[in-house]
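Nothing here was measured: the structure is a model prediction, and the numbers come from that model. Each chain gets a letter, A, B and so on, in the order the sequences are listed, and its residues count up from 1.
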There are 2 protein chains.
Amino acid sequence: MDRFVSHFTNRLDAKGRVSIPASFRGVLARDGFEGLYVHPSLDREALDCGGQALLQEIDALLDKQPLFSDERDLFSTALLGTSEVLKVDPEGRIVLTETLKAYAGIVDQVSFVGQGSKFQIWEPGRFQAHLSEARERVRQMKKSLGTPIPPEVGSPAQRGARE
Amino acid sequence: MDRFVSHFTNRLDAKGRVSIPASFRGVLARDGFEGLYVHPSLDREALDCGGQALLQEIDALLDKQPLFSDERDLFSTALLGTSEVLKVDPEGRIVLTETLKAYAGIVDQVSFVGQGSKFQIWEPGRFQAHLSEARERVRQMKKSLGTPIPPEVGSPAQRGARE
DNA sequence: TGGGACTTTATGGGCGTCAATGGGCAAGCG
DNA sequence: CGCTTGCCCATTGACGCCCATAAAGTCCCA
């Protein structure tokens with residue numbers, strides 16, 4: 001598997017450290033990138049995270065703007081300026097900065113949510129709310145498309161993760 | 001990491017010294033440049049800083065203007081004429097000149113903001129304001145650029161689904 | 001196929017190192 | 001000379017790295 005999939009909830013310890021889920025660590029290792037690239041999501045109260053792949057997406061966006069242009073300046077400020085490259089300790093843990101925690105409303109637990117080439121970090125409560133709203137909207141969209149949606153499936157059980 | 005990423009806020013001490021963030025120092029060292037190249041940003045109340053890489057960008061910009069043209073003259077005056085090369089002390093600190101501080105409204109704290117090949121120095125308050133504006137505008141641009149990607153919801157993979 | 005042994009993961013805690021900051025001192029320049 | 005400026009040392013708190021442990025998962029073999 002080379003993509004971030006599924007979601008996990010882990011706790012921050014007394015030092016503010018939190019383990020990146022093992023399966024995500026595997027993806028990052030394969031992507032080859034020291035550390036974890038993190039920035040506040042533009043449209044959610046969540047953090048976008050990833051490695052090379054995410055950086056390349058951002059670069060692609062930046063490279064569309066001409067050098068020294070106003071747009072480029074704004075993009076690099078909003079994207080690179082607010083990003084952090086977090087170190088990953090030997091056990092696969094990271095420490096979120098105060099800024100990042102404040103942005104996402106994180107206190108002592110976080111949910112890691114796979115999104116293919118990147119993943120997001122959420123405060124678990126907000127993620128649940130976001131998820132049910134998203135599911136509802138998808139249901140509406142499908143309905144209007146005439147595609148019946150299978151009956152409600154509960155949240156999948158997680159290995160180890162209490163939610 | 002070979003690019004300026006993230007942002008940091010440091011204090012000026014009684015002598016007016018301020019530490020360049022360690023990670024930025026690393027980038028500068030790799031770029032190979034004695035001292036720090038600084039000039040007032042053309043369109044913000046901030047200072048553009050960097051090493052070789054920044055100088056090259058400026059050269060590239062200048063070279064686009066025909067020799068002896070008015071534009072070239074103006075550019076070189078605005079960019080090179082106002083530049084300073086600051087010394088970096090053994091602890092990785094610099095002292096901003098009065099001119100530079102006045103331009104950016106700096107008093108006793110500065111924010112270092114990574115922008116890839118260069119970084120900017122801001123008065124922290126002004127930076128916060130600029131940042132929220134930048135984020136807003138980027139959000140608008142992304143929106144107008146095309147289809148915003150709907151949040152990926154759907155079924156999270158089941159517990160067996162790793163790798 | 002059931003159970004035990006090994007492995008992996010999430011989490012905790014100790015400790016040395018480094019970064020940010022403060023202050024002293026001496027050399028250079030007006 | 002007085003003040004700036006560059007260099008050295010000291011302090012403190014945060015951070016990275018190592019080792020420990022418990023719980024869960026996986027594997028293997030009788």
Side-chain angles (χ1 to χ4, degrees), chain A residues 1 4-30 33-36 38 84-101 106-114 119 121 124 156-163, chain B residues 1 4-30 34-36 38 84-101 106-114 119 121 124 157-163:
Chain A
M1 177 60 66
F4 300 104
V5 162
S6 184
H7 70 268
F8 309 87
T9 298
N10 290 339
R11 295 194 305 128
L12 276 65
D13 69 16
K15 291 176 165 184
R17 298 174 296 191
V18 61
S19 296
I20 299 173
S23 67
F24 287 13
R25 294 205 299 264
V27 180
L28 287 171
R30 238 157 286 128
F33 185 67
E34 279 300 303
L36 179 70
V38 183
E84 318 256 358
V85 177
L86 302 182
K87 298 216 172 77
V88 180
D89 80 8
E91 282 74 38
R93 291 174 289 194
I94 53 172
V95 178
L96 297 171
T97 64
E98 279 311 314
T99 313
L100 293 174
K101 287 197 280 190
I106 288 164
V107 183
D108 60 353
Q109 287 202 329
V110 296
S111 292
F112 294 84
V113 182
F119 64 90
I121 291 180
Q158 295 301 314
R159 24 176 278 152
R162 2 327 5 179
E163 322 205 15
Chain B
M1 180 58 60
F4 300 104
V5 166
S6 182
H7 69 271
F8 308 86
T9 298
N10 289 340
R11 293 191 302 132
L12 277 66
D13 68 16
K15 292 178 170 180
R17 299 174 296 189
V18 61
S19 297
I20 300 173
S23 69
F24 287 12
R25 295 205 299 264
V27 180
L28 288 170
R30 238 158 285 130
E34 279 300 304
L36 179 70
V38 184
E84 323 240 3
V85 177
L86 302 181
K87 296 203 180 80
V88 181
D89 80 9
E91 281 74 38
R93 291 175 289 195
I94 53 172
V95 178
L96 298 171
T97 64
E98 278 311 316
T99 313
L100 293 174
K101 286 199 280 190
I106 288 163
V107 183
D108 60 352
Q109 287 202 326
V110 296
S111 292
F112 294 83
V113 182
F119 64 91
I121 292 181
Q158 304 306 327
R159 65 210 229 113
R162 307 163 276 137
E163 346 238 317

Check: Leu96(A) and Ile94(A) side chains under 4.5 Å, non-hydrogen atoms:
yes
Between dG22(C) and Arg11(B), counting only base atoms on the nucleotide and side-chain atoms on the residue, is there a donor-acceptor pair under 3.5 Å?
no
Quickly work out the Leu86(A) CG to dG16(D) P distance and round it to whole Å.
9 Å
Just compare dG16(D), dG23(C), dA19(C) and give me whichever is closest to any side-chain atom of Arg93(B).
dG23(C)
Starting at atom CG of Asn10(A), determine the distance to atom C1' of dT9(C), rounded to an integer number of angstrom.
9 Å
Do Arg17(B) and dG6(D) share a donor-acceptor pair, side chain to base, under 3.5 Å?
no
Would you say the side-chain atoms of Asn10(A) pair up with the backbone N or O of Val18(A), donor to acceptor, closer than 3.5 Å?
no
Separation of dC8(D) atom P from Asp89(B) atom CG, nearest Å, is 10 Å
What integer distance in Å separates Glu84(B):CD from dT5(D):P?
11 Å
To the nearest angstrom, how far is Asp108(A) atom CG from dG12(C) atom P?
11 Å
What's the closest nucleotide to the side chain of Ala22(A) if the choices are dA20(C), dT9(C), dG6(D)?
dT9(C)
Can you tell me the distance, in whole Å, between the CZ atom of Phe8(B) and the P atom of dT21(C)?
12 Å
Euclidean distance, Leu28(A) CG relative to Glu34(A) CD, rounded to 0.5 Å
10.5 Å
Using a heavy-atom cut-off of 4.0 Å across all strands, would you classify Ile20(B) as base, sugar-phosphate, or nothing?
sugar-phosphate
Let's test your reading of the model: under 3.5 Å, does the base of dC18(C) pair with the side chain of Glu91(B) as donor and acceptor?
no
What's the closest nucleotide to the Lys15(B) side chain, out of dG23(C), dT9(C), dA19(C)?
dG23(C)
Please pick, from dC17(D), dA19(C), dA10(C), the nucleotide with the shortest atom-to-atom distance to any side-chain atom of Ser19(A).
dA10(C)
Looking at every non-hydrogen atom in both residues, tell me the closest pair between Phe119(B) and Gly114(B) and how far apart they are.
CB-CA, 3.9 Å
